[in-house]
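Accompanying notes for the structure given below.
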There are 2 protein chains.
Amino acid sequence: MNFQQRKQLILQTVDERGAVEVPELADLLQTSAMTIRRDLVQLAAAGLIYRTHGGAMRVRDIMVVPFANKSAMNVVHKEAIAQRAAQEIQDGDVLFMDCGSTVAHLCPFIRNKRITVITNSLPVISELLNSSVTLNLIGGEVDKERQAVHGTMAGEHIARYHADRAFIGIDGISLANGLSANGEQEAQLTLALARQASRVYLLCDSSKLETDKYLFFAPLSLVDVLITDAQVNVDLADAYRQAGVDLIY
Amino acid sequence: MNFQQRKQLILQTVDERGAVEVPELADLLQTSAMTIRRDLVQLAAAGLIYRTHGGAMRVRDIMVVPFANKSAMNVVHKEAIAQRAAQEIQDGDVLFMDCGSTVAHLCPFIRNKRITVITNSLPVISELLNSSVTLNLIGGEVDKERQAVHGTMAGEHIARYHADRAFIGIDGISLANGLSANGEQEAQLTLALARQASRVYLLCDSSKLETDKYLFFAPLSLVDVLITDAQVNVDLADAYRQAGVDLIY
DNA sequence: GTTGATTTGAACAAAAATAATCAAAAATAA
DNA sequence: TTATTTTTGATTATTTTTGTTCAAATCAAC
């Protein structure tokens with residue numbers, strides 16, 4: 001039995017069973033585990049199977065895995081940013097929090113503070129429901145995709161409040177074009193929040209710096225403080241500071 | 001059984017059941033709790049599940065807020081009432097739903113209808129987030145105890161809308177004194193909803209009939225239809241009908 | 001708030017799987 | 001036939017995964 005014959009049988013078995021183990025194949029093909037491993041390495045290199053510890057699996061079963069959820073990306077950075085942002089908050093503050101995933105990471109760090117949070121984000125409400133934080137929910141149409149509230153009523157709602165600090169996320173930001181968004185709704189809401197807050201904090205991981213989205217809606221000056229992660233390029237950070245943004249990390 | 005295979009099974013289980021616990025998975029996959037935890041950490045990092053204390057949940061419905069123990073009472077009656085109430089709803093309707101637990105039981109029966117629901121109840125929002133229902137969330141102060149939104153802004157929000165039907169719950173109702181509530185907030189909100197709806201449906205299990213709470217806030221005539229359970233006394237039902245309420249069950 | 005029970009994550013040890021090495025066997029070429 | 005290359009399997013060292021224990025964190029109930 002040569003490699004070509006084994007290859008066929010291995011592929012066939014993997015396809016039938018979905019997942020196989022090395023000793024299993026060794027037994028089936030009457031050969032050693034070492035040989036099976038070498039075969040699997042080759043097949044995996046060719047992309048015909050997915051190599052696992054102890055065996056192999058069908059490729060298509062694995063393909064679902066990668067990035068199903070945007071909010072999963074850069075979790076570590078987001079947490080670091082959120083933690084830094086939480087340091088800015090003082091007891092008694094009234095905060096705006098928008099529906100960005102980075103902003104949502106603030107929740108664990110503010111659970112025990114005596115503050116008021118005004119938000120349109122359902123996950124934020126959910127996470128702070130059993131906390132010492134006083135909550136105010138912005139009303140309006142529910143965007144199921146973003147798990148957040150948008151629309152005319154939301155804008156009017158915000159206009160009735162004032163906050164000490166607004167924590168906002170953003171789809172894109174650049175020195176040349178300022179803030180940009182993927183949709184009208186997000187842009188409108190961000191503007192409304194910024195307008196009604198004494199101090200605007202933009203929470204934004206460094207990968208988003210100097211990226212533009214399709215809708216430019218505000219100049220850099222809308223932002224008072226830009227909180228990002230330590231991966232930020234030093235020269236770039238200086239450039240933002242020159243532009244009048246208080247960049248910290 | 002390697003990580004990849006466990007991963008598949010975990011995702012499948014979480015998706016089927018909505019929520020799982022660590023020991024449950026450990027038993028199911030014949031492995032230790034520690035291994036399950038490590039798996040869950042990875043899956044959560046990839047954003048495929050939401051990690052909770054003791055287990056994991058589907059990412060979509062992290063909003064799930066277990067209703068207080070109150071909702072456990074008379075579940076059977078409440079479901080029967082809700083099912084009867086759902087029959088009144090037609091495609092295209094715009095509904096108000098208040099934050100009562102009986103009203104919340106409507107959700108399973110309206111998931112697939114093409115209607116718009118305006119509500120101040122967080123559990124209702126949560127249950128309908130993945131449904132064909134268009135949602136409008138009433139904004140204002142969040143009452144953590146009742147998992148609902150109240151206050152001035154809520155009242156103003158409601159005043160801006162009009163619904164075909166309002167489904168409301170109540171703390172007390174009697175022929176002699178009409179509707180009564182345990183707090184100003186509930187009373188105010190109920191009134192606001194009733195005012196803006198063409199038809200007011202009161203969902204109320206029979207045990208609440210002829211009970212008075214401390215705040216009387218509206219006459220019986222506020223209610224167009226009273227939906228209750230089959231346990232209701234026949235003579236009492238007739239008395240309500242005499243008083244002009246369309247009582248059904 | 002404080003207590004008490006559970007859950008968690010880190011550290012370590014054991015087990016399993018892998019890759020590297022090397023010698024023997026098989027296939028190929030000279 | 002003999003020399004050379006390739007493949008294979010055994011041995012060993014390394015890596016990966018897993019399970020246990022325990023202190024710290026978290027939750028829930030009071």
Side-chain angles (χ1 to χ4, degrees), chain A residues 1-10 13-14 17 19-46 49-57 62 65 75-76 79-80 82-83 86 91 105-114 126-134, chain B residues 1-10 14 19-46 49-57 62 64-72 144-145 147:
Chain A
M1 170 111 45
N2 63 30
F3 171 61
Q4 296 304 330
Q5 292 173 280
R6 288 200 309 272
K7 175 157 112 173
Q8 285 223 323
L9 275 168
I10 290 174
T13 312
V14 168
R17 310 252 276 273
V20 287
E21 295 184 354
V22 171
E24 209 178 324
L25 287 173
D27 190 52
L28 184 71
L29 307 190
Q30 285 299 303
T31 183
S32 73
M34 193 62 241
T35 300
I36 295 295
R37 282 198 201 94
R38 278 190 273 245
D39 290 349
L40 294 184
V41 168
Q42 283 200 50
L43 295 173
I49 58 170
Y50 180 87
R51 187 81 166 87
T52 65
H53 247 251
M57 293 180 77
I62 298 296
V65 175
V75 182
V76 183
E79 274 175 13
Q83 187 156 28
D91 267 14
H105 278 90
L106 263 175
C107 294
F109 302 111
I110 61 178
R111 288 187 61 80
N112 300 314
K113 293 184 190 281
R114 305 188 159 260
S126 176
E127 285 201 56
L128 295 179
L129 207 54
N130 294 301
S131 74
S132 64
V133 175
T134 301
Chain B
M1 171 103 56
N2 61 36
F3 169 61
Q4 300 299 337
Q5 291 173 276
R6 289 199 308 272
K7 176 156 87 173
Q8 285 205 329
L9 279 168
I10 291 173
V14 168
V20 287
E21 295 182 353
V22 171
E24 207 179 326
L25 287 173
D27 191 51
L28 183 72
L29 307 189
Q30 287 296 302
T31 184
S32 73
M34 190 65 236
T35 300
I36 295 294
R37 278 196 210 98
R38 280 190 272 243
D39 290 349
L40 294 183
V41 167
Q42 283 200 50
L43 294 174
I49 58 170
Y50 180 83
R51 187 80 166 84
T52 63
H53 253 247
M57 294 179 70
I62 42 176
V64 164
V65 254
F67 227 133
N69 36 10
K70 208 168 145 187
S71 72
K144 293 177 183 171
E145 188 84 21
Q147 305 200 330

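Owing to the predicted nature of the structure, the values given are computational and were not obtained by experimental measurement. Only this structure's heavy atoms are used, side chains among them; waters, hydrogens and symmetry mates stay out. Lettering follows sequence order; numbering is per chain, from 1.
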Practice problem: Would you confirm whether R51(A), through its side chain, and Q42(A), through its main-chain N or O, come within 3.5 Å as a donor-acceptor pair? | Solution: no
Quiz prompt | Trace of the side-chain contact (heavy atoms from CB on, under 4.5 Å) decision for T31(B) with R6(B) | solution = CA-CA 10 Å; T31(B) 184; R6(B) 289 199 308 272; 4.2 Å; yes
Quiz item: Where does the chain A footprint on DNA chain D start and end, counting 5' to 3' with a 4.0 Å heavy-atom cut-off?
Solution: dT8(D) to dT17(D)
Exercise. Could you tell me which nucleotide pairs with dA30(C) by Watson-Crick or G-U wobble geometry, both distances under 3.5 Å, or answer none if nothing does?
Key: dT1(D)
Exercise. Output, in order, the C-alpha distance, side-chain angles, deciding distance and verdict of side-chain contact (heavy atoms from CB on, under 4.5 Å) for K7(A) and D39(A).
Key: CA-CA 7 Å; K7(A) 175 157 112 173; D39(A) 290 349; over 6 Å; no
Exercise. Do nucleotides 3-17 of chain C as a string where each nucleotide becomes B, S or -: B if the base has a protein heavy atom under 4.0 Å, S if just the sugar-phosphate does, - if no protein is that close.
Key: ----SBBB------S
Quiz item: In Å and rounded to the nearest 0.5 Å, what is the NE2 to CD distance from H53(A) to Q4(B)?
Solution: 10.5 Å
Exercise. Find out whether I10(B) and V20(B) are in side-chain contact, i.e. whether some heavy atom of one side chain is under 4.5 Å from a heavy atom of the other.
Key: no
Self-check item: Closest-nucleotide ordering on DNA chain D, the 5'-leading residue of N2(B) and T35(A)
Solution: T35(A)
Quiz item: If every non-hydrogen atom of P23(B) is compared with every non-hydrogen atom of G54(B), which pair is closest and at what distance?
Solution: CD-O, 4.3 Å
Quiz item: Taking all atoms of both residues into account, what is the closest heavy-atom pair of A86(A) and I110(A), and its distance?
Solution: CB-CG2, 4.5 Å
Quiz item: Which heavy atom in A56(B) sits nearest to a heavy atom in L40(B), and how many Å separate them?
Solution: CB-CD2, 4.1 Å
Self-check item: Pair assignment for dA10(D), Watson-Crick or G-U wobble, requiring both distances under 3.5 Å
Solution: dT21(C)
